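Since the structure comes first, as structure tokens, the remarks are kept for the end.
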Amino acid sequence: MKFGVIVFPGSNCDHDAYHVISKHVGQPVDFIWHRETDLSTYDAVIIPGGFSYGDYLRAGALASHSPVMASVKGFAASGRVVLGICNGFQILCESGLLPGALIRNRELHFICQHVNVRVETTETPFTHELRAGQVLSLPVAHAEGNYVCDDETYEELVREDRIVFRYCDPAGGLGEGSNLNGSRDHIAGICSRERNVLGLMPHPERACEDLLGSADGSGVFRSLAATLAAAR
Amino acid sequence: MNSETITPEVVAAHNLTPEEFARIRELLGREPTFVELGVFSVMWSEHCSYKSSRTHLKRLPTKGERVIVPPGENAGIVDVGDGWCAAFKVESHNHPSFIEPFQGAATGVGGILRDIFTMGARPVAAMNSLRFGTLSDPKHGRRNRALLAGVVAGIAHYGNAFGVPTVGGEVVFDDAYGFNPLVNAFALGLVRHDQIFFGKAAGIGNPVLYVGAKTGRDGIHGATMASAEFDEEALEKRPTVQVGDPFLEKLLLEACLEAMRAGAVAGIQDMGAAGLTSSSCEMAARAGNGIELDLSLVPQREVGMTAYEIMLSESQERMLIVAHSGRERQVIDIFRKWDLDAVVIGRVTDAGSVVVVHEGRKLADIPSKYLTDEAPRYERPMRAPSAAARAESQVPGANGVGGADNDAPANASVVNSDELDEVLAAPSAVVSGADANHDEALRLLLASPNLASKEWVYRQYDHMVRTNTAVLPGADAAVVRIKETRRALAMSLDGNGRYCRIDPREGARLIVAESARNVACVGARPLAITNCLNFASPERPEVMWAFSEVIDGMAEACEALGTPVVSGNVSFYNETEGRGIHPTPVIGMVGLVEDVRRVVTQGFKRAGHLVALVGPAEGEEDLDASEYAAAVLGRSVEQMIEGGARVPRLDLARELAVQRAVLLAAEEGLLQSAHDCSDGGLAVALAESCFSSHGRTPLGVTVELGGGTAVTAALFGETPSRVVVSFEEAQRTRLERIAAQAGAPLKVIGRVGGTRLHIRAGGRDCVSHEVSELEALWRGSLGARLQAEVIAAAAE
């Protein structure tokens with residue numbers, strides 16, 4: 001199985017994703033430059049965090065029009081898996097691969113800390129090794145992570161079980177203080193209708209070692225690796 | 001500055017004295033051109049030439065077995081093992097940050113990051129030291145809060161987008177910084193020993209390339225601005241502050257490192273203060289060569305720029321590269337890949353002069369040594385101020401604080417209550433009895449902006465990107481692992497303006513000692529320091545005296561602790577309308593952790609663990625210049641000096657012994673926690689060790705202090721060389737043996753457990769409080785004061 005980590009000018013979590021795949025998942029991985037268009041040799045693509053093209057228009061807006069993203073759309077349509085983390089989630093929303101949008105955090109500034117997120121569904125290639133209701137401690141680092149969508153989209157996400165992660169308290173509750181950034185219904189991550197595209201604001205790649213404060217993110221990569229292994 | 005006639009007024013407008021101008025004419029043997037005048041004015045500015053400080057700086061120790069690159073380059077470099085080196089430096093961006101807090105702070109971060117990757121090192125950590133006027137100042141509180149909010153947002157904007165974790169630092173409030181806030185930015189990068197690059201224009205005939213952003217009219221004369229004191233027209237200088245683009249800097253980083261790895265680069269230097277002028281002149285001077293530039297070739301953002309403007313622009317995110325002959329094409333291709341300009345604008349010559357040509361006319365021809373080695377050097381007059389002389393006289397009985405038990409505030413009026421009324425419900429007037437006052441004093445201290453949690457600040461910085469941060473912000477020192485090895489680097493950034501105002505020499509010694517202790521507390525061996533020396537006008541003899549004292553104190557402590565100075569920066573003229581800041585040296589200490597799995601954190605880990613104080617315990621406490629005196633007794637530093645206050649006395653041999661004991665115990669894996677006991681004293685250190693942190697719930701502690709000495713001093717005195725540690729009871733004998741071998745006193749004072757912070761002294765309860773309540777006070781204090789400012793700013 002081969003992973004690709006897309007690198008836009010301004011990506012800055014590209015090395016972190018690469019490190020996790022090569023060191024912790026133990027699989028071959030390449031950086032994919034934003035001008036490349038051939039993704040045929042990859043089984044999974046990660047769109048990493050950062051500030052693609054400086055995020056100067058809207059977070060993720062410029063990247064969604066890059067050459068590589070046109071190919072990522074075809075890649076996703078073919079059923080292969082795409083994981084967008086933080087800026088990657090913003091890019092997936094901007095490019096229409098996921099519905100909704102990410103606007104400024106409720107408190108109007110950047111937030112970096114560990115947060116609790118609850119696993120809402122295990123019916124995805126990214127979460128089947130986790131337990132439904134399991135609470136993960138994952139870092140966030142974003143200024144625009146406040147998820148919004150219209151009512152119709154929201155109902156569709158609920159109906160189709162596509163809300164993958166929600167911000168919660170340490171016990172898994174959804175009390176008032178546990179919604180980190182003001183996201184609609186505590187949404188921290190969603191998947192596509194075909195379930196092969198996941199976007200989330202928290203950084204599972206920053207939580208794969210106890211040394212860094214949490215290894216809870218490794219379940220996401222373990223699930224992903226098992227999915228790809230089974231598909232071979 | 002479009003006139004090309006050089007009149008005395010024009011010379012004065014360039015911040016050059018008539019004597020300096022006469023010297024320029026003498027050196028050149030002719031009248032300088034207008035462009036030459038501009039070049040001399042920035043190269044001879046205080047900011048670039050260190051003309052007032054050089055004579056003192058040479059007294060600092062700069063040698064050590066691990067020092068690879070001493071001061072003089074863009075950053076200092078030390079060997080950290082396995083072929084890896086750490087490049088680091090701290091630099092001020094005080095003046096621009098006062099004029100335009102967001103961009104001033106942002107470009108401060110950008111500048112220090114370029115200093116690091118210019119050396120070939122990839123930046124892996126950033127920190128910053130910030131000082132502002134008090135947040136509740138009746139007249140200027142609003143402005144001080146807005147300055148802080150703007151500076152923090154600027155640092156976050158730049159560092160987060162660039163992708164460097166901002167892992168630590170300090171935020172301090174004092175009226176002395178009301179009109180002169182301090183913004184000192186630190187960065188550290190990693191580089192292989194054999195891949196270090198220097199700012200040298202080496203190799204006659206080599207092409208000189210301009211790379212990065214285009215040149216605009218922004219920041220012209222920024223270096224000269226930073227070399228003058230402010231008056232009320234300072235805010236009109238906003239156009240001299242540059243605008244930063246972290247995205248472009250990130251591209252510049254990747255392109256520069258790629259060009260270096262490709263072997264095409266002979267020398268490289270960033271265009272920081274004084275832009276193209278300082279980069280070209282310094283590169284030429286370091287190599288003893290000349291450099292010839294054709295300014296018509298410089299990529300420009302605006303039309304019609306003059307040679308003068310191009311030479312003096314401080315547009316950000318630009319570098320000057322000397323490529324190996326014949327490799328220029330390769331450099332250009334690499335930069336093109338990153339969508340950046342790279343243009344050959346000149347070449348290295350053997351003439352020893354910096355020659356500037358524009359539109360076919362030669363507009364400057366200056367031997368490079370005139371701009372560097374021949375820059376003025378001043379032995380400025382020095383005089384100890386009378387107040388310090390009084391403080392030194394140590395009149396018996398002049399000591400205003402300490403001694404009796406009943407020295408706690410007698411009524412609410414002496415408590416600095418406007419600092420706290422939002423957070424503290426009960427005024428201290430309603431509590432009676434000495435014990436209740438100690439309890440109240442601790443609450444006051446924990447909620448005071450200087451000691452309260454800085455979470456509201458560091459939560460806005462991405463402190464985890466690059467997945468190396470092993471100890472998160474809020475600790476004595478941050479720890480960043482080196483992925484390729486088992487080692488990690490610990491770093492802390494410390495200053496104490498109040499101590500240095502009272503006694504600059506002792507203050508500087510105390511700061512160096514504390515920064516080394518901070519690093520030792522996480523289990524790292526202190527290696528070397530970088531310093532940022534923030535002072536008022538060097539033209540005032542008492543300021544120069546304090547500067548000289550600070551240098552001597554720092555030199556002595558650095559020698560004793562084995563931590564040479566490898567880089568640094570001097571920022572003078574931090575004064576507005578005649579009022580200067582405290583002498584404020586800020587120390588960036590870097591230490592090496594041999595095994596990252598042995599890192600120690602400050603929080604108590606489990607009920608039942610014993611708690612001990614390593615270091616002197618009783619009888620040597622010092623409250624005179626403490627946070628207690630400032631925040632609880634409401635004493636200004638002037639009142640402290642008048643009362644004959646002394647700073648705590650530091651014994652460097654004992655300091656070294658304490659650090660050695662903590663380090664050995666950490667390396668043996670004996671310590672469950674270690675926390676430096678400094679601002680706010682033992683009671684505050686204990687409270688902070690009780691508080692929760694990521695993955696840890698709060699824990700109580702019961703501590704018994706011996707009777708006999710003043711309880712207030714025992715709780716809140718800031719006696720140096722002390723560390724609060726906790727450990728398993730079974731390790732007690734081993735730990736005591738290690739401390740004894742190191743020559744450090746160690747006294748078991750209590751045990752972790754319960755939910756309360758409970759301190760007894762002389763058989764009586766003096767502090768007893770639910771940890772969770774204290775923590776809420778400490779954690780929420782700063783945000784409660786500042787969040788409204790952010791909302792208001794967004795609404796405007």
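When reading the values below, keep in mind they use all heavy atoms of this one structure, side chains included, and skip hydrogens, waters and symmetry mates. In the text below, chain A, chain B and the rest are named by the order of the sequence lines, each starting its count at 1. Just so it is clear, the structure is predicted and the values come from calculations on it, not from any experiment.
Note: A:His109 leads A:Glu205, A:His109, A:Gln113 in heavy-atom pairs under 4.5 Å with chain B. Between chain B and the options A:Ile111, A:Leu108, A:Val140, the largest number of non-hydrogen pairs under 4.5 Å is found for A:Ile111. Between chain B and the residues A:Pro9, A:Gly49, A:Ala143, the largest count of heavy-atom pairs under 4.5 Å involves A:Pro9.
Both the backbone and the side chain of B:His463 come within contact range of chain A, with heavy atoms under 4.5 Å apart. For chain A, the nearby part of B:Leu472 is the side chain; its heavy atoms alone come within less than 4.5 Å. With a threshold of 4.5 angstrom between heavy atoms, B:Pro246 approaches chain A through its backbone and through its side chain. Interface remark: B:Asp245 contributes backbone and side-chain atoms alike to the contact with chain A (heavy atom separation under 4.5 Å). Neither the backbone nor the side chain of B:Val164 comes within contact range of chain A; no heavy atom of the residue lies under 4.5 Å from a heavy atom of that chain. With a threshold of 4.5 angstrom between heavy atoms, B:Lys337 approaches chain A through its backbone and through its side chain. For chain B, the nearby parts of A:Glu107 are the backbone and the side chain; heavy atoms of each come within less than 4.5 Å. Using a 4.5 Å cut-off between heavy atoms, A:His142 does not touch chain B at all.
Contact detail for A:Asn105 and A:Gly145: the closest heavy-atom pair is OD1-N, 3.1 Å.
B:His694 and A:His114 have parallel rings, their planes meeting at less than 30° on a 0 to 90° scale where 60° marks the start of perpendicular. Using cut-offs of 30° and 60° for the angle between ring planes, the A:Tyr147 and A:Phe89 rings count as parallel.
The pair A:Asp169-A:Arg118 fails the salt-bridge criterion, with no side-chain N (NZ, NE, NH1 or NH2) lying under 4.0 Å from an Asp/Glu carboxylate O. No salt bridge links B:Lys214 with B:Glu317; every basic N to acidic carboxylate O contact stays at or beyond 4.0 Å. Salt bridge absent: B:Arg598 and B:Glu667 never bring a charged side-chain N and a carboxylate O closer than 4.0 Å. A salt bridge links B:Arg122 to B:Glu254: one of the charged nitrogens lies within less than 4.0 Å of a carboxylate oxygen.
The contact list for residues 151-162 of chain B toward chain A, using heavy atoms and a distance under 4.5 Å, reads B:Asn160, B:Ala161, B:Phe162 by residue number.
Enclosure of atom CZ in B:Arg606 is not indicated, since only 12 or fewer non-hydrogen atoms of other residues, nucleotides or ligands lie within 6.0 angstrom.
The ring of A:His186 has its center no closer than 6.0 angstrom to the ring center of A:Phe165. Between A:His15 and A:Phe31, the distance separating the two ring centers is shorter than 6.0 angstrom.
Counting only N and O atoms by type, the side chains of B:Lys483 and B:Asn468 include a donor and acceptor under 3.5 Å apart.
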